[in-house]
Structure formats: structure tokens, C-alpha cells
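In what follows, a single structure is set out as C-alpha cells and then discussed.
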Amino acid sequence: MRDLIEVCAPLILDSISELEISKEDMSNLIGPSTVGSMADIAIPCHSLSRILKKSPVEVSEHISGLISPSLQGLALTSSMNGFVNLKADPEWLASKTMGLLSDNMLGVKKDSPRKIIVDYSAPNVAKEMHVGHLRSTVIGDAIVRMLRFKGHEVIRENHIGDWGTPFGMLIEHLIDLGENSFTSDKAISDFDQFYKEARVKFNHDDLFAERARSRVVLLQAEDSDTLRLWKVLVDVSTAYFNEVYEMLDVLLDDDDIMGESAYRHLLPTVVERLRESGMLEESEGASVVYLGGKWVNREGAPFPVIIRKGDGGYNYSTSDLACIIDRVERISCDELMYVVGTPQKQHFEMVFEVASRAGFMDERHTATHINFGSVLDSNGKMLKSRAGQSAKLVDLLKESIIRADSAISEKNPELTGEDKARISKMIGIGAVKYADLSTDRSKDYIFDWDKMLSFEGNTAPYLQYSHARISRIFSLSPVSRESLRNSNIQLSTVEEEVLAKCIVNFAESLDKSIYSSHPHKLCTHIHATSSAFATFYEACPILKSEDDQIMISRLALCDLTARVISTGLDLLGIMSPEMM
RNA sequence: GGGCGUGUAGCAUAGCCUGGAUAAUGCACUGGCCUCCUAAGCCAGGGACCGCGGGUUCGAAUCCUGCCGCGCCCGCCA
């Protein structure tokens with residue numbers, strides 16, 4: 001209801017000018033009501049009580065009387081318990097709602113465009129994708145979509161793990177198995193097996209371990225044969241990632257891949273620049289940066305960011321610093337966003353601090369760690385891929401689609417064939433994504449198979465169902481959706497009013513969601529909208545309404561509701577089926 | 001030891017940034033609603049010392065502080 005506050009606030013301030021209250025004090029008190037059913041805007045008058053030497057109840061009654069005339073046609077004024085309550089006038093609400101009928105943005109205003117890099121997903125080459133990767137991929141994708149909608153230039157970067165010491169053992173294992181065995185389709189489905197075998201050999205076979213270490217040296221020297229083998233691993237892996245991305249319906253593709261290997265030539269530059277700036281120190285053979293301040297270790301000694309290891313190899317931090325240089329200087333972005341788990345919070349704080357101090361980025365750039373909680377099992381324990389328990393992402397997605405399919409069979413037997421397959425996918429994938437997006441990303445996430453795939457409550461299928469119901473109405477309607485763009489909306493029932501408010505509030509909710517990078521805020525709003533629609537749907541006949549005026553008005557509300565849901569879901573990366 | 005985070009009905013969550021009224025939502029539970037636009041739905045109801053104690057305030061789930069529980073991070077993994 002920020003629009004209503006915006007129009008009402010100046011009028012309220014004018015009407016109370018005779019009182020001994022500063023405009024600033026008053027402005028601060030005007031805010032959204034916390035009791036939705038009572039009002040849209042509330043002014044708590046308790047703090048004014050002392051200034052005006054009257055009880056809060058008297059103050060609120062007095063102010064209510066003063067401002068009421070000037071808010072004619074905007075809001076209905078009342079007072080209770082020392083609060084002035086303003087309720088949107090149905091006329092104002094109706095005209096506001098009508099204004100959105102011809103607005104493809106549903107009231108959302110574009111920001112002045114910035115160039116934003118969103119770093120997300122980041123699976124590892126020659127490793128299976130697990131549920132852990134799901135969070136980064138799904139959250140990052142939603143953020144990309146929302147930022148684009150707000151008018152920004154968004155560049156996706158998939159920082160895949162395609163470089164580093166593990167590749168010595170992986171390549172040697174590939175040699176042992178024979179290249180061809182790996183490039184066959186069968187092998188693609190068995191990355192975990194491949195990785196584990198390599199790891200076991202590395203740990204227990206000294207000869208193999210030695211080969212692996214030599215191979216790393218060759219890789220870093222860019223020996224052509226080694227690079228070719230490395231490329232086999234990368235290509236097979238990225239093909240597999242793409243398969244998962246396509247299934248997940250996320251925007252990532254080959255063009256977005258900027259793996260660690262892409263920055264390897266920049267690593268010496270990082271060291272040079274840090275050395276030039278005088279930040280680099282030597283410690284036990286390694287090149288490090290001490291940030292000081294709160295960065296101390298267990299013993300209270302300063303603890304460093306390792307830039308170059310004692311063996312000459314580079315570290316994770318170095319790669320991230322190179323990454324910043326590349327993004328700032330080559331791409332010249334304004335913002336850098338990293339959709340990476342909370343455990344790496346400290347790492348990013350330190351890397352950002354090093355980058356700022358070294359001048360890799362300055363006050364024109366903002367770097368943000370979009371952190372997210374760990375995936376826990378139903379016992380509240382970390383879901384670790386090493387435990388071998390966590391399901392492969394593809395299997396999970398397949399399972400979800402199968403469950404959606406059987407739900408459709410039960411609920412709507414008329415839906416068959418290709419339609420059914422298409423919609424099962426929308427629902428199954430949507431359920432998995434929404435389960436992840438609908439809770440505060442910064443908290444840990446309890447991975448509950450049954451809950452995720454249940455189609456009741458605050459879930460994607462519920463929202464999709466609302467959308468399908470509306471689509472159904474239009475398929476039976478004599479009036480097309482396009483023809484409703486200039487129609488008149490009248491809000492004659494409470495249910496219509498509540499629904500209209502949800503529609504009008506969409507832009508505000510989306511803004512809150514994107515400015516905080518918290519997709520769950522948008523989820524909460526779409527769910528509230530769907531819920532308001534369900535109530536409206538039960539209470540208000542649409543195609544069977546008493547006259548054509550009302551039917552048109554209600555159809556217009558349906559159209560807007562469907563657009564709020566489908567636009568909202570689309571921004572979350574979830575499809576809106578027209579039937580289910 | 002230091003740092004960061006977290007604790008809200010049986011379960012899962014929102015609200016906390018920016019303090020306001022009877023703490024919101026879903027699952028589960030109880031009772032109603034399909035000759036009528038999709039019941040994957042709706043309506044009604046029960047269920048919460050908002051981890052515990054102090055403090056600030058007219059007013060605290062929200063801000064400050066102490067404690068307790070849980071989790072993560074703390075030099076050559078990413």
C-alpha cells in the first residue's frame with residue numbers, strides 16, 4: 001500500500017498543521033497497518049499523547065476527525081485503541097487496479113540500469129550434481145530473472161570447478177579406464193562412481209598418487225595432451241550440466257560458463273599487483289595477505305588470506321581475486337553477486353576486503369555475497385554428499401515429475417498425452433524450485449522429500465492450480481483477455497477488495513524481494529494472492545454473475561490475478577500451466 | 001578460545017532490518033461445503049510464557065545486554 005501512503009501522507013500533514021506536531025514526527029508514524037483486516041495504513045498516536053497532553057485514544061479520534069475530509073475518495077478514516085486507521089477507498093483501489101490492466105509490468109517500475117554479474121550454480125567437473133547445487137542454481141536464477149525485469153543488464157557466470165589439484169587424479173583415472181569408456185552415455189550417469197574410484201586410488205595407491213601429482217604439474221604447464229584429456233572431462237561434464245539445467249528450466253547455458261580455468265592466466269597478475277601494493281607477505285614459504293582486525297585464528301594470531309601456497313600453487317582466494325579483476329576491468333560491471341553458501345561467508349568477506357584494499361574494485365562497485373543456508377536432512381544434520389546418502393539431482397527431479405504425473409492422473413484423468421507430460425514437468429520442477437525459494441535463503445533448509453513433492457499448502461502446485469483455474473475460466477468465457485484491457489473494475493465485495501489489494505501490492509512486494517535479494521518475499525506475496533483468489537472464487541460468481549458489468553469487472557480481476565501469478569512465478573523460474 | 005549465524009503452536013515456516021493493536025501461513029488435528037466457473041479448493045474451530053533472564057520504551061517476537069541450546073567458519077581444500 002505504498003502508493004496509498006504516498007498520496008495520503010502530504011494530505012495528512014497539511015490537515016494537522018494546526019497541531020503542535022512536527023511534520024517529521026508525523027511522517028514517521030504513518031505506516032502500513034499491522035492488522036490487515038482493520039486497515040491498510042495506521043498512525044499509532046501513543047507517542048503524541050505526551051505532546052498534546054491527551055490520551056492516545058483522544059488524540060487518535062481528534063486526528064481522525066481532522067484528516068478525514070481531505071482523504072475523501074482515497075481512504076476511509078477511523079480510530080481505535082489510539083490508532084488512526086485508514087482503509088483504502090474501494091473507488092481509489094478500483095481505479096488503481098484498472099490502471100494495471102494495460103500495464104505489462106503490473107506497476108513495477110524499472111530501475112536505472114546497472115551492469116550486474118551474478119555468479120551462481122558452480123558445479124564441479126567430473127562430479128555429480130547434488131541437492132546442494134540446487135540452492136545456488138535455483139536462487140541465483142530467480143535473482144537473475146528479477147534483476148532483468150527491473151531493467152538491469154545481468155550477466156550470468158557459472159564458475160564451475162574445472163581446475164586444480166583434483167584434476168591430476170581424475171585425468172590419470174581417465175587414462176586407466178580409457179577415454180572412450182568415459183565419453184559413452186553410460187558413464188555420464190556415473191560421475192560419483194568415477195570420482196570416488198579416483199579418490200580411492202589416490203589415497204591408497206602411492207604410485208597412482210605420484211602419477212596424479214605429476215599430471216597436475218603437466219596440466220598447469222598446459223601440456224597439450226594433458227589439456228586434451230582435461231577437455232574430455234570438462235566437455236562430458238558440461239554436457240551433463242546442460243542436461244540438468246534444461247530439465248530444471250534455468251537460464252544457464254554454455255555461454256555462461258566461466259570456470260576457474262578461465263582465470264588461470266590472471267593468477268600471476270593477482271600476485272604481482274598485491275606485491276606492488278605492498279600487501280603481500282611471506283609466511284612459511286607461502287605468499288599471504290594479513291588483513292589484521294578481527295581476522296585472528298584459534299590462537300589469537302593474525303590469520304592470512306593465502307594467495308600462493310608453499311608449493312607454488314594458487315589458492316581459491318587467488319582465483320576469486322582474479323575473477324574480480326576480470327569482472328571489473330574486462331566486463332566493467334557495477335555489481336558482483338555471488339550466490340554461494342553461508343559457510344563461505346568469511347571467505348568472501350576477506351576476499352572483498354583484499355580486493356578493495358588492493359584497488360581491484362572501488363566505491364563504484366558493490367560486491368555482495370548472496371549467502372544461503374545449508375541443506376539439512378530431516379534430522380537437522382548437514383546433508384553431505386560424502387555420506388553418499390544425498391540423492392543425485394537428476395534422480396530427484398525425475399522423481400518429482402513422476403509424482404506430479406501421478407497426481408494429475410488422480411486429480412484430472414482427462415489430461416493425457418503430451419499435455420500431461422508437459423504439465424507434469426512444469427509441476428514437478430516447479431515444486432522442487434518453489435520449496436527452495438519460498439523460505440528465507442539465509443537460513444538452513446530442511447530437505448524433506450515428501451513435503452517438497454506434496455501439492456498442498458504454500459507450494460508451487462497450489463499457485464499453479466490457481467493459475468490453471470483462471471485459465472479455465474477464460475477458456476469458457478465469451479470475453480477474451482485482450483478485450484479486458486480498458487474495462488471497468490468495481491469492487492463490491494470484501495473478497496474483491498482483498499484480491500485487488502494483492503494485485504496492486506505486487507510491485508511493492510517484488511521490489512522488497514529484489515532489493516533484499518530474498519526471493520521468498522515474492523513467494524509469500526504470490527501465495528497471498530492465490531489464497532485471496534481462492535476465497536474470491538468461492539464467494540463471487542464470475543461467468544454466472546448477476547450482470548455483464550460485474551462479469552467484466554470480475555474477469556478483469558481474474559486476468560490481473562493470473563498475470564500476477566504467472567509473472568511472479570516466471571520471475572522465480574517457474575512455469576504457469578494453463579491447465580492441470 | 002575468537003568470529004558469524006540461528007532458536008516463533010506437534011512439525012515446517014513468515015514477521016525482526018525500519019518497535020505499535022488479538023503474533024501470520026501451511027502441514028497435521030476437529031467439524032462443515034462438490035445436481036453450481038477444476039474440491040490440488042473453500043469456510044469454521046482448537047492449538048504459541050516468540051529459547052531464558054535483565055535493560056531501553058507509553059509500547060519489544062522485533063532494539064541493547066548477559067546466559068543456554070544448536071550450527072557453521074577460523075593458514076596452505078573449493
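Here is the naming used below: chain letters follow the sequence lines, and residue numbers restart at 1 for every chain. It should be emphasised that the depicted structure is a prediction, and the values quoted were computed from it without experimental measurement.
Using the six-membered ring where Trp is involved, A:Y462 and A:H527 have ring planes that are tilted, between 30° and 60° apart.
Remark: B:C72 base-pairs with B:G3. Criterion, Watson-Crick or G-U wobble with two distances under 3.5 Å. B:C16 is unpaired under the criterion used here, namely a Watson-Crick or G-U wobble arrangement in which both key atom distances are under 3.5 Å. Summarising the base pairing, B:U30 is matched to B:A44 through a Watson-Crick or G-U wobble pair whose two defining distances lie under 3.5 Å. Across all strands shown, B:U57 forms no Watson-Crick or G-U wobble pair with both distances under 3.5 Å. Nucleotide B:U38 forms no Watson-Crick or G-U wobble pair with any nucleotide shown, as no partner meets the under 3.5 Å limit on both distances.
Regarding A:L29, its CG atom lies at a distance of 15 Å from the C1' atom of B:A21, rounded to whole Å. The interatomic distance linking A:L376 (CG) with B:U6 (P) rounds to 14 Å, in whole Å. Rounded to a whole Å, the CD atom of A:E456 is 20 Å from the P atom of B:U38. A:Q344 has its CD atom 14 Å from the C1' atom of B:C4, to the nearest Å. One interatomic measurement links the two molecules: CZ of A:F372 to C1' of B:U13, which rounds to 19 Å at whole-angstrom precision. Summarising the geometry, the separation between CZ on A:R472 and C1' on B:C37 is reported as 8 Å, rounded to the nearest angstrom. Between A:H525 atom NE2 and B:A24 atom C1' the separation is 15 Å, expressed in whole Å.
A:A534 comes within 4.0 angstrom of the backbone, heavy atoms only, and of no base. As judged by a 4.0 angstrom heavy-atom cut-off over every strand, A:E284 is placed among the base-contacting residues. Residue A:R308 is classed as having no contact, given no heavy-atom separation below 4.0 Å to the nucleic acid. Base contact: A:I542 has a heavy atom under 4.0 Å from a base atom. Residue-level contact check: A:A122 touches neither bases nor backbone, having no heavy atom under 4.0 Å from any strand. Counting non-hydrogen atoms under 4.0 angstrom, A:G310 reaches a base of the nucleic acid. When heavy atoms are screened at a 4.0 angstrom cut-off, A:E260 is found touching the sugar-phosphate backbone but no base atom. Counting non-hydrogen atoms under 4.0 angstrom, A:Y465 reaches a base of the nucleic acid. Within 4.0 Å (heavy atoms only), A:S516 reaches no atom of the nucleic acid at all. Within the nucleic acid shown, A:K411 comes within 4.0 Å of at least one base atom, counting heavy atoms only. Within the 4.0 angstrom heavy-atom criterion, only backbone atoms of the sugar-phosphate kind lie near A:D440; the bases stay farther away. Within the nucleic acid shown, A:A468 comes within 4.0 Å of at least one base atom, counting heavy atoms only. The residue A:N85 sits close to a base: some heavy atom pair falls under 4.0 Å. Within the nucleic acid shown, A:Y515 has no heavy atom closer than 4.0 Å to any nucleic acid atom.
A sub-4.0 Å separation between OP1 or OP2 of B:C43 and a side-chain N or O of A:T535 is present. A sub-4.0 Å separation between OP1 or OP2 of B:C27 and a side-chain N or O of A:N458 is absent. Proximity of A:H347 to the phosphate of B:C74: no side-chain N or O atom is located under 4.0 Å from OP1 or OP2.
Between A:S531 and A:P302, the residue whose closest nucleotide on RNA chain B is further toward the 5' end is A:S531. Each of A:F536 and A:T439 lies near RNA chain B, and the nucleotide nearest A:T439 is the one positioned closer to the 5' end.
For A:S283 and B:G75, a side-chain-to-base donor-acceptor distance below 3.5 Å is present, hydrogens and geometry of angles not being considered. The base of B:A39 has none of its N or O atoms less than 3.5 Å from a complementary donor or acceptor on the side chain of A:N412. Within 3.5 Å, no donor on the side chain of A:T524 pairs with an acceptor on the base of B:A14, nor the reverse.
The side chain of A:R469 sits closest to B:G41 out of B:A21, B:G41, B:U13. Side-chain proximity of A:K443 to the nucleotides B:A40, B:U6, B:C37 is greatest for B:U6. Closest to the side chain of A:Y462, out of B:A78, B:G41, B:G7, is B:G41. With B:A21, B:U38, B:C4 as the candidates, the nucleotide lying closest to the side chain of A:F83 is B:A21. The nucleotide whose nearest atom lies closest to any side-chain atom of A:Y290 is, among B:A39, B:G75, B:A21, B:G75. When the nucleotides B:G75, B:C58, B:G15 are ranked by their closest atom to the side chain of A:K521, B:G15 comes out on top. With B:A40, B:C37, B:A21 as the candidates, the nucleotide lying closest to the side chain of A:L543 is B:C37. Minimum atom distance to the side chain of A:P343 is reached by B:C73, of the listed B:C76, B:G75, B:C73. With B:A40, B:A21, B:C37 as the candidates, the nucleotide lying closest to the side chain of A:K544 is B:C37. Here the nucleotide nearest the side chain of A:K451, chosen from B:C11, B:A40, B:A21, is B:C11.
In this model, a donor atom of one side chain and an acceptor atom of the other lie less than 3.5 Å apart for A:D320 and A:H347. Side chains of A:S553 and A:Q549: no donor on one and acceptor on the other come within 3.5 Å. Side-chain contact, A:R2 with A:N505: no donor N or O sits under 3.5 Å from an acceptor N or O.
Taking the 5.5 Å centre cut-off and the 30° plane limit, the aromatic side chain of A:H46 is classed as stacked on B:G20.
For A:F533 and A:Y465, the ring centers are positioned 6.0 Å apart or more. Here A:Y263 and A:H159 bring their ring centres to under 6.0 angstrom of each other.
The nearest pair of heavy atoms linking A:E20 to A:L52 is N-CD2, 4.2 Å.
More than 12 heavy atoms of other residues, nucleotides or ligands shown are found within 6.0 angstrom of CD on A:E281.
Separation of the C1' atoms belonging to B:G10 and B:C73 is 33 Å when rounded to the nearest angstrom.
Between A:E282 and A:R308 there is no salt bridge, since none of the side-chain N atoms of the basic residue sits less than 4.0 Å from a carboxylate O of the acidic one.
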